Amino acid sequence: MIVDRDRCIGAALCVLTAPRYFDQDDDGRVLARAADLPEPPEDVAALAIRLCPSGALR
C-alpha cells in the first residue's frame, strides 16, 4: 500500500472508511497507522484505497 501525502486533498474518506488504518494530521492530510497496515490490505482498507478521490492511496 502506498500513502502519498503530497497528493492527499483531505477528503477524509479513508479515515471515515477505515479509521483503524488511517488518520489525518492537523492539515487534514492522511496519516497511515503504519504498524497496522496489512499487506495485502484487508477489505475495508482496500475500499478506502478505492474511495480516495485524489489517488493518494494506492
Side-chain angles (χ1 to χ4, degrees):
M1 183 180 325
I2 296 172
V3 179
D4 185 346
R5 291 175 34 84
D6 291 332
R7 291 188 69 153
C8 180
I9 61 172
L13 293 177
C14 57
V15 178
L16 294 171
T17 304
R20 176 178 172 192
Y21 301 113
F22 302 103
D23 199 353
Q24 291 178 287
D25 65 13
D26 291 340
D27 294 327
R29 291 197 284 171
V30 65
L31 291 173
R33 298 178 188 264
D36 294 335
L37 288 176
E39 193 63 48
E42 287 182 7
D43 289 348
V44 70
L47 177 60
I49 293 168
R50 287 194 307 271
L51 292 175
C52 180
S54 66
L57 302 176
R58 295 180 295 239

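It should be emphasised that the depicted structure is a prediction, and the values quoted were computed from it without experimental measurement. Start at 1 with the first residue, then count along the sequence. Atoms considered below: every heavy atom in the structure, side chains included; atoms not considered: hydrogens, waters and symmetry mates.
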Joint cluster assignment, Ile9 & Leu51, ILVMFWY side-chain distance < 4.5 Å: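 No, it is not one cluster - the side chains of Ile9 and Leu51 are not joined through contacts under 4.5 Å.
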Val15 reachable from Ile49 in the ILVMFWY side-chain graph, under 4.5 Å edges: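 Yes, Ile49 connects to Val15 through the hydrophobic network.
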Side chain to side chain contact (heavy atoms under 4.5 Å, CB included) involving Asp25 - partner list, sequence neighbours excluded: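 Residues passing side chain to side chain contact (heavy atoms under 4.5 Å, CB included) with Asp25: Arg5, Asp27, Arg29, Leu31.
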Heavy-atom side-chain contact between Cys52 and Leu13 under 4.5 Å: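 No, side chains not in contact.
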Listed partners of Arg7 passing salt bridge (charged side-chain N to carboxylate O under 4.0 Å, His left out), at least two apart: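 Once residues adjacent in sequence are excluded, Arg7 has no partner under the salt bridge (charged side-chain N to carboxylate O under 4.0 Å, His left out) criterion.
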Test side-chain hydrogen bond (donor to acceptor under 3.5 Å, both in side chains) applied to Glu42 - qualifying residues, sequence neighbours left out: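 Partners of Glu42 under the side-chain hydrogen bond (donor to acceptor under 3.5 Å, both in side chains) test: Tyr21.
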Non-hydrogen atoms of [X] and [Y] that approach each other most closely:
| X | Y | answer |
| --- | --- | --- |
| Ala48 | Thr17 | N-CG2, 3.9 Å |
| Cys8 | Gly28 | SG-O, 4.1 Å |
| Pro53 | Ala11 | CG-CB, 3.7 Å |
| Leu57 | Val3 | CD2-CG2, 3.8 Å |
| Ala32 | Phe22 | CA-CD2, 4.4 Å |

Residue pairs fulfilling side chain to side chain donor-acceptor pair (under 3.5 Å) with at least one residue in residues 46-58, sequence neighbours excluded: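 The answer is none; no pair qualifies.
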Heavy-atom donor-acceptor pair, Arg33 side chain to Pro19 backbone, under 3.5 Å: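 Side chain of Arg33 to backbone of Pro19: a pair is present.
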